[in-house]
Amino acid sequence: MSTFTEAPAYRALQAHHDAMRNVHLRELFANDATRGERLTLDPSLHSGQAVLGLYFDYSKQRVTDETLKLLIALAHERGVAEKRDAMFRGDKINVTEKRAVLHIALRAPRDAVILVDGENVVPQVHAVLDKMSAFSNRVRGGEWLGATGKRIRNVVNIGIGGSDLGPVMAYEALKHYSARDMTFRFVSNVDGTDFAEAVQDLNAEETLFIVASKTFTTLETMTNAQTARNWFLARIGDESAIAKHFVAVSTNQAQVEKFGIDPANMFGFWDWVGGRYSMDSAIGLSTMLAIGPGNFRDMLDGFHAMDEHFRTAPFEQNLPVLMGLLAVWNNNFLNAETVAVLPYEQYLKRFPAYLQQLTMESNGKRVTRQGEMITYQTGPIYWGEPGTNGQHSFYQLIHQGTRLIPCDFIAFSQTLNPLPPHHDLLMANVLAQAEALAFGKTADEVRAEGIPEWLVPHRVFPGNRPSTTILADKLDPATLGKLVALYEHSVFVQGVIWDIDSFDQWGVELGKVLAKKIIGELETGDAELRHDSSTNALIRKYRKARGAWNVKQPAPKN
Ligand code: F6P
């Protein structure tokens, strides 16, 4: 296969871009009265699957019918369909780790057959789901009691990266559906403050810790898990009580046992589930405890509906394919460096943070799958905040700054908390922002408002700033599943176009190795330092100034 920038479709897109670089969205809309309805996808209409219910309006992207035709040709040329089918088949498409990539198996129906090395993995998936459901029902129903006979009221998930961001995002997103008589906390940072604050008002007798780690070796998680164990034993004083208060989610049974958690209290998953693709595996145990197995199943069904859409819909009507292609267009032809994800839904406040790992750990790569140096831009920077807060913070730059920042607006027609007039105001704002970004305000329009000439340049909005609006009926478990799967598969499409391995993450390794070395140097205060002069000086300064960090903690109060 030729490299991305040598592909005939890339060259055709480059020429097309040169021809249309100065075309304004104003013009595109003025020349086509149907554009706002035509350049949208509502898969329930297009593919006869009345299940998706996500209205995807990309008419405010800087594309024409010709752009779309060429982008779709690019997808065919780069082998998106073949690679997608290889993923669904269980081929080892994570080439650097020689692993299958099968998060789609996590939400497959019970009777599906998906083979890894000749073995159908679907029964294993459902066995774990059944075990999670039985456990969640016992905890939620007050059957699973703490060691002193008290009901479990608090769940603390200890994990980091994919073992934290998915669970915390899903908990926040689906809080409306959660057991309100239970408290959920999430500890991820190795900064002791994270743990200390998470448990400071919790009663150990009523607390369940979930130690969530695919590898069960991650420094942050293991340190927090050990601290949790010490915290718990200092209050309960009985090793045998651990069995009622600690469960593990991992692929590594040996390490789980070594830590002291009974394998009976372990919920497994598999090496073909990437950390950032694991929120619908056993890593979602905290989510299931919060919303119950029925709602969790609905979420999985939402994921599966999007998987099926991605697998079967023609590219022209395929949400993840189009989303991925538009991202490539903005990234490689319009030279946008970032993407702002702007959910107009308070419950999605952690969605941008979740997407940061999904997108940037997946596509932040600089060599091809074959290890050749890449000469084009790959994964953009994702960031964002829920609306309307961002409007009073960084939107200034999106509207009038010098950079082009494509935006994903996410909104829901129905609110889960009807408090008139809030929802209409929220919706008015999201619609207004997308409109303002696309069409802006010209100097003549500013002058017509009587603005003095010297102020006119400051009051002009250039417009032509691309955005997509995703509108769903309401935020429920199934819709969340569809939304996450949409981004997962869009990331996949982009990775295929750029010819990168979207499923490894070697870039996190070097820092881990260096940190291990420095930990030793901090512990033995006089060890000889062989770093660069800056790191050496910082270590010396820290050694001197750290104070009494290792002074024994006072005995805990019960
Ligand atoms: O940061 C690297 C990483 O491996 C992520 O990909 C992963 O989600 C996270 O660490 C946590 O890993 P684990 O679940 O093995 O503790």
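Each ligand, and each atom within it, is numbered from 1 in the order the structure gives.
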Between ligand 1 and the protein, find all N/O pairs closer than 3.5 Å and give the distance for each.
| residue | atom | partner | partner atom | Å |
| --- | --- | --- | --- | --- |
| ligand 1 | 1 (O) | Glu361 | OE2 | 3.4 |
| ligand 1 | 6 (O) | Glu361 | OE1 | 2.7 |
| ligand 1 | 8 (O) | Gly162 | N | 2.7 |
| ligand 1 | 8 (O) | Gln357 | NE2 | 3.1 |
| ligand 1 | 14 (O) | Ser163 | OG | 2.6 |
| ligand 1 | 14 (O) | Lys214 | N | 2.7 |
| ligand 1 | 15 (O) | Ser213 | OG | 3.4 |
| ligand 1 | 15 (O) | Lys214 | N | 3.3 |
| ligand 1 | 15 (O) | Thr215 | N | 2.9 |
| ligand 1 | 15 (O) | Thr215 | OG1 | 2.6 |
| ligand 1 | 15 (O) | Thr218 | OG1 | 3.4 |
| ligand 1 | 16 (O) | Ser213 | OG | 2.6 |
| ligand 1 | 16 (O) | Thr218 | OG1 | 2.5 |

### Query
Do other residues, nucleotides or ligands put more than 12 heavy atoms under 6.0 Å from Arg84 CZ?
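Buried by this count: over 12 neighbours within 6.0 Å.
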### Message
Which residue is it: Phe232, Phe259, Trp231? I am looking for the one with a ring pair (Phe, Tyr, Trp, His ring centres under 6.0 Å) to Phe209.
### Response
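With Phe209 as partner, Phe232, Phe259, Trp231 yield a single ring pair (Phe, Tyr, Trp, His ring centres under 6.0 Å), made by Trp231.
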#### Entry: Electrostatic pair Arg153-Asp181, nearest N-O below 4.0 angstrom
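Salt bridge: yes.
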### Query
Taking all non-hydrogen atoms of both residues, which atom of Asp504 and which atom of Glu97 are closest, and how far apart?
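It is CA-OE1, 3.8 Å.
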#### Entry: Steps toward side chain to side chain contact (heavy atoms under 4.5 Å, CB included) verdict (Leu233, Glu239)
CA-CA 7 Å; Leu233 287 176; Glu239 284 266 350; 3.7 Å; yes
### Task
Tell me, please, which residues at least two apart from Lys131 pass side-chain contact (heavy atoms from CB on, under 4.5 Å).
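Only Phe267 meet the side-chain contact (heavy atoms from CB on, under 4.5 Å) criterion with Lys131.
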